[in-house]
Amino acid sequence: MKEMFEGLNKAQINAVRTTEGPVMAIAGAGSGKTRVLTRRMAHLIFNLGVPRQSILAITFTNKAAEEMKMRVGSLLNVSTRDMWVSTFHSMCARILREHIERLGYNQNFQIIDDDDATQLIKLILRRLNIDVKLVKPRMLKSLVMNVKGDLDAIDAYEEPIQTYLRNVVPEYQRHLKANNLVDFEDLLVLTIELLEQHKTVREYYQNQFQYILVDEFQDTNNLQYRLIRLLVGKHQNVFIVGDEDQSIYAFRGANIENIQRFQQDFTNVKPILLEQNYRSTNNILNAANGVIKSNKTRIDKTLFSTRGDGDKVTFFKAYTYRDEAAYVAETIKEYARKTDIDFSDIAVLYRANSTSRTFEESFIHKNIPYQIVGNTAFFRRKEIKDVVAYLRLTLNPHDDYSFSRVVNEPRRGIGAKTIDRLMLHAEREQQSLFDAVDDEDTPLGKTATNRLRAFKQLIRTLSENLKTLDLGDFLEFLLAETGYKEALKFDDMGEVRLENVLELKSMFVEQKRAVADSDNTVLLTAVLQDIALQSQEDERHDKNAVTLMTLHAAKGLEYKVVFIVALEQGLFPLHRALDSAKDMEEERRLMYVGMTRAMDKLFLTNARQRRLFGQMMMNPDSQFLREIDPTLLSVEGLNKPTFHTPSRQAFPKHAMLDTNDEQENAIQKGDKVRHKAFGKGLVVSVDGDQAVIVFDQPHGIKTLLKNHRAIEKV
DNA sequence: AGGCAAGGGGTTTTT
DNA sequence: CCCCTTGCCT
């Protein structure tokens, strides 16, 4: 149909119509790639008669997948419910749910999240008598994830890490498999294993997926790349969309080189370049282009927009971090008052989650509705994780991980010692904790054994009731029977927590509507899978509120007005990236991603002083600010050239007043000081609240509390 | 068993 | 500043 190409430019139409063979679309920020992807799918289905289930589209988040399905659905007026539009992880879970028994796992496998994986690693480290102070479980966990798909990679690590990995990886995998658990990485690794080892399964999917589309290709990791290669059958109809300038997930194994690899591994790759930006005004775009240009390892491309120049990019430097937050809040209020921009058109982006707090406080203070994406993700809350553990235990009583999580939650007088002993015993006897409880020769006292048996009986009761009750009722039953609900009454946050837990009910209802199967086990497994694979973005609600989130979470989104805050060297870019060219380039791409989220107006802000890790810090401006052509900037606040003439002060005074200046004359490196006892001195360095000061002889070098009243700046 | 306080250590991004 | 561990006390 004609309207399939309506409103598309030449390059976009080309991207939609070039359906056969490998195609690589390089799509700059805001170049309408989502549009291209949805139109391409619609074109395949509607114009070319491709069955809906023959298309596999990979997106970066579940939310993006849902949106894509919805758009295709409304374009064609068909149901897209069972289309294969999903993230890599969801796709893998769907495939594994079908075939995982070939790999020796049970069909009802559960997916554990990162926190759980870290905990498990920690437990294993303890078992192996490795000091968790020497190896951080978190750190080791990410290494384990890195080598999982390719055990030979362990050789490349130095000692003692190599030995740790050699010992921990097999143990960790054994634990997961024994408990019928898979982690995020397993979803990919096991699917690859399945497809590589089972020709019939591989050919089945290769035949099914006649057309494969992959979004955000620059952020695929090596396993995901391998998966794509396995799935692309003889037809070679694979369409990738990416932009190396927006690759921001290297820490998670994303490999930009996959873009080059793609061109080598597939023959006759047709390149398509989408350079017209439909999102931002030229001032914003040029500012962003200026920043990204400093990256050496990239192919130069220049986005252009026909949206006009628009406003200049505003850079505001505040005195303190609170001033900065007050400025942002004030500015937002002004927008809301003077323009037709809604709160939901505005986003505040930062490098690290911890930055959000100050802004949150300021928004509360100024009555600005806001929502924070990600911070304490719903599904990572304790109460949710507890109930999920109960639900998992109900489905599989031999899930030791869930068992130990809730055996004493709420308190049942089963302490750490008891659990530890039980675990060791179970380990020796090669059985689950659930089974070990009934053993005659456990090294446990009578009281402990009785309490454990009562818990075991509780799990049995839950399992039985799951068969008969409606899922919603079952949840209520569980909360009552386990005593969890009762315990919440004594919790300060109990009411909210109970509400959170009961939200699961609506997920049950939804799942029931989506899945024809009414078997509770199947439904519950599906809900638990959704919970495990839910991403931060997926939980965004679209109420009329300013959105606060990390730059990473902003990927793929756009807002009329965007603030990028805390632009200080050391914070963004992060100090740990400063001495690595590679990391710096990734930071810069992150900045680029952030800037290109803005449609109409971009604010860049920072503060001279910031409270960080409990200390006052003074950091210079982020170097990214210097990488922007000054003619595109409108400078306000402390750096404003005319700042000292109050009449021309662009920013409301109250933004500056609404703060407590904690130390107007904080001592810095290079300052000359006078000490009551030691006389004149020169500050050579400042570390937290301490300063190293060189005094005249005979006193010499001293480290002193910099704010002490004995010291004064001269 | 469990609660509480003190102390130490680390601070990024997340499917 | 916050999280986790540890050790002491009940």
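A note on names: the letters A, B, ... follow the listed sequences, proteins ahead of strands, and every chain is numbered from 1. Every heavy atom of this structure was used, including side-chain atoms; hydrogens, water molecules and symmetry mates were not.
Each of A/Thr418 and A/Arg351 lies near DNA chain B, and the nucleotide nearest A/Thr418 is the one positioned closer to the 5' end. Annotation: of the two residues near DNA chain B, A/Phe184 and A/Ala416, the 5′-most nearest-nucleotide partner is A/Ala416.
When the ring pair (Phe, Tyr, Trp, His ring centres under 6.0 Å) test is applied to A/His99, the partners found at least two apart in sequence or on another chain are A/Tyr205. Shown here are the salt bridge (charged side-chain N to carboxylate O under 4.0 Å, His left out) partners of A/Lys456, two or more places apart in sequence or in another chain: A/Asp438. Residues meeting the salt bridge (charged side-chain N to carboxylate O under 4.0 Å, His left out) test with A/Asp583, sequence neighbours left out: none. In this view, A/Arg497 and A/Glu383, A/Asp491 satisfy the salt bridge (charged side-chain N to carboxylate O under 4.0 Å, His left out) rule, not counting sequence neighbours. The salt bridge (charged side-chain N to carboxylate O under 4.0 Å, His left out) check on A/Glu244 picks up nothing, with sequence neighbours excluded.
Using modelled atom types, one finds a donor on one side chain and an acceptor on the other under 3.5 Å when comparing A/Gln511 with A/Asp530.
Distance CD (A/Glu586) to P (B/dT13): 13 Å, rounded to an integer number of Å. Taking atom CG on A/Asp186 and atom P on B/dT15, their separation rounds to 18 Å, with Å as the unit. Put simply, CD1 on A/Ile248 is 9 Å from P on B/dT14, counting in whole angstrom units. A/Ile414 places its CD1 atom 9 Å from the P atom of B/dG2, with the value rounded to the nearest Å. Note: NZ (A/Lys141) to P (B/dT14) measures 12 Å, nearest angstrom. For A/Leu578 and B/dT12, the CG to P distance is 14 Å, given to the nearest whole Å. The nearest whole Å value for the distance from the CG atom in A/Leu444 to the C1' atom in B/dA1 is 14 Å.
The span of DNA chain C lying next to chain A, judged by atoms under 4.0 Å from heavy atoms, is bounded 5' to 3' by C/dC1 to C/dT5.
Within the 4.0 angstrom heavy-atom criterion, base atoms lie near A/Asp114.
For the salt bridge (Lys or Arg N to Asp or Glu O under 4.0 Å) condition, the pairs that include at least one residue of residues 564-582 of chain A, sequence neighbours left out, are A/Glu568-A/Arg610. Applying the salt bridge (Lys or Arg N to Asp or Glu O under 4.0 Å) definition to pairs two or more places apart or across chains, those involving residues 212-222 of chain A are A/Lys33-A/Asp215, A/Lys33-A/Glu216, A/Glu216-A/Lys555, A/Asp219-A/Lys555.
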inquiry  = Output one letter per nucleotide in nucleotides 3-10 of chain B: B when a protein non-hydrogen atom lies under 4.0 Å from the base, S when only the sugar-phosphate is that close, - when neither is.
reply    = S------S
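Judged by centroid separation below 5.5 Å and plane tilt below 30°, A/Tyr249 does not stack onto the base of B/dT14.
A/Tyr249 and A/Phe251 have their aromatic ring centers within a separation under 6.0 angstrom.
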